[in-house]
Amino acid sequence: MPTLFSQPDSSLNSFASRLLDWFAENGRHDLPWQQHQTDTPNPYIVWLSEVMLQQTQVTTVLPYFARFMESFPTVQDLAAAEWDLVAEHWAGLGYYARARNLHKGAKQLVEVIDETGEFPQTLAGWEAISGVGPSTAGAIMAMGLHHYGVICDGNVKRVLTRWAAIDGDITKSATTKDLWALAERLTPTENSGLFAQAMMDMGATLCTRSKPACLLCPLKEDCLAHAQGRETDYPVKAKKQPKPSKFSDALLIESADSEILWLQRPDNGIWGGLWSLPLQFIEKIDVKTSSKATGKTDAKKPASDDKPTNIPSDVRSHEKVYETEFTTAEQIINEWLTKNKLAAQSVSKSLLDDAPIKHSLTHFHWYLTPQKLTVDAAQILELNEKLAAAEIDFKWLTEQTAQDSLGLPRAMEKIIELLQ
DNA sequence: GTCCGGGACG
DNA sequence: CGTCCCGGAC
């Protein structure tokens with residue numbers, strides 16, 4: 001029977017003990033969510049930390065984790081909390097769907113506990129919790145319950161593609177399947193939690209993306225990438241598309257007593273569930289068709305026609321495309337501004353002409369220009385009525401109060417910082 | 001400045 | 001398979 005793996009059985013069989021020996025001697029054992037030194041691990045701690053660590057580095061997570069544990073020491077506390085409080089705790093960590101799923105997941109977990117008296121005890125039970133996928137579920141099984149569990153996250157994939165010289169694109173499902181099979185083959189039935197922690201620690205501290213410390217690695221003897229001096233050729237990944245640029249005005253609609261209008265964003269889409277200034281989309285420019293996609297001058301130029309060609313040209317109007325960039329609340333505000341012939345003043349123009357705030361998201365760059373607009377009491381009343389009628393969540397708060405009490409994305413923090 | 005990594009979900 | 005965010009590496 002041919003082996004599924006590029007490594008011989010002897011290497012596959014000794015992998016775990018070499019890694020565990022290294023971890024015992026040189027690994028990190030002082031992270032606040034580590035549960036391997038206790039006989040009675042706390043699944044809540046592991047679940048919370050794993051969700052936070054899903055796409056964020058340890059050093060970034062540390063202060064957020066501490067604050068969550070202080071405010072929500074148990075899953076019941078988290079489940080009972082108001083969403084806005086959870087959002088405020090998560091603000092700045094990014095990928096806000098994680099926070100919404102975490103909050104939803106806490107409620108689901110409390111339901112399970114109320115029914116069974118304990119946290120889910122199976123892989124399927126954990127995967128049924130919002131925000132918990134295969135790798136997080138495996139991590140919780142292994143480290144949060146000390147049951148058997150396998151992980152195959154980014155760290156593991158980097159270690160394994162190097163060690164076994166796996167040339168497949170790791171974004172493809174076939175390669176993912178191979179990597180999971182290899183991770184399962186290597187994970188020991190006893191101590192799978194220690195093994196999972198060791199793999200993640202090794203990936204994070206030794207087998208790093210750019211300058212792996214191969215001399216210190218317990219797997220260097222049979223690492224196939226190391227043998228060829230090709231460590232940094234792995235993992236193989238398809239090249240990314242260049243990001244298009246988008247431009248928006250961020251409206252500071254201000255009352256006489258310096259209170260500003262803030263809107264809660266819809267759950268789906270960018271910054272879902274967090275609070276933001278009203279944004280007015282200006283233009284978008286595809287970097288592939290524009291040599292310079294930076295600066296205000298370019299923002300005023302018409303965007304290239306990158307819309308699908310199967311749509312009739314009369315429907316492919318400029319207007320149509322850019323209205324889709326507004327939330328409902330922003331459309332209401334935009335219509336109201338137009339009706340009242342109110343024009344915003346660029347705050348940053350004199351101060352910072354060609355450097356409005358730049359914020360990079362997953363698949364586009366966003367250039368934000370703060371625009372100030374003062375409204376009187378009657379106008380505020382009218383605007384409030386329109387927003388309330390559409391069941392929009394909004395608040396009038398000073399910049400300082402907003403910063404202290406709302407979950408704001410980093411881009412909003414940048415704007416406030418700029419104005420101070 | 002630009003590039004890059006990263007897990008889950010619809 | 002596209003969408004979601006930010007910080008750290010370079």
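Here is how names work: the chains are called A, B, and so on, in the same order as the sequence lines, proteins then strands, and each is numbered from 1.
Rounded to an integer number of Å, the gap from A/Trp47 CH2 to B/dG7 P is 18 Å. In this structure, A/Asn101 atom CG and B/dG7 atom C1' are separated by 11 Å, rounded to whole Å. Rounded to an integer number of Å, the gap from CG of A/Leu179 to P of B/dG6 is 12 Å. In this entry the distance linking CD of A/Gln241 with P of B/dT2 reads 18 Å, nearest Å.
Looking at residues two or more places apart in sequence or on another chain, you find no ring pair (Phe, Tyr, Trp, His ring centres under 6.0 Å) involving A/Tyr95. Listed by chain and residue number, nothing satisfies the side-chain hydrogen bond (donor to acceptor under 3.5 Å, both in side chains) test with A/Glu221 (two or more places apart in sequence, or in another chain). Not counting sequence neighbours, A/His226 has no partner by the ring pair (Phe, Tyr, Trp, His ring centres under 6.0 Å) test. In this structure, the side-chain hydrogen bond (donor to acceptor under 3.5 Å, both in side chains) partners of A/Gln403, at least two apart in sequence or on a different chain, are A/Glu413. With sequence neighbours left out, A/Trp22 forms a ring pair (Phe, Tyr, Trp, His ring centres under 6.0 Å) with no residue at all. In this structure, A/His147 has no ring pair (Phe, Tyr, Trp, His ring centres under 6.0 Å) partners at least two apart in sequence or on a different chain.
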(request) Heavy atoms under 4.0 Å is the rule here; annotate nucleotides 5-10 of chain C 5' to 3' with B where the base is hit, S where only the sugar-phosphate is, and - elsewhere. (result) BBSSSS

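Residues from residues 125-134 of chain A placing a heavy atom under 4.0 Å of any atom in DNA chain C do not occur. Within residues 157-171 of chain A, no residue places a heavy atom under 4.0 Å from DNA chain C.
A salt bridge (Lys or Arg N to Asp or Glu O under 4.0 Å) check over residues 80-103 of chain A, counting only residues at least two apart or in different chains, returns the pairs A/Arg67-A/Glu88. Every pair passing ring-ring contact (aromatic ring centres under 6.0 Å, His included) that includes a residue from residues 150-187 of chain A is listed here, sequence neighbours excluded: A/Phe15-A/Trp163. For residues 53-76 of chain A, the set of pairs meeting the ring-ring contact (aromatic ring centres under 6.0 Å, His included) definition, not counting sequence neighbours, comprises A/Trp33-A/Phe65, A/Phe68-A/Phe72, A/Phe68-A/His89, A/Phe68-A/Trp90, A/Phe72-A/His89.
Within 4.0 Å (heavy atoms only), A/Asn268 reaches no atom of the nucleic acid at all.
Here the side chains of A/Ile357 and A/Trp366 are not in contact, with every heavy-atom distance at 4.5 Å or above.
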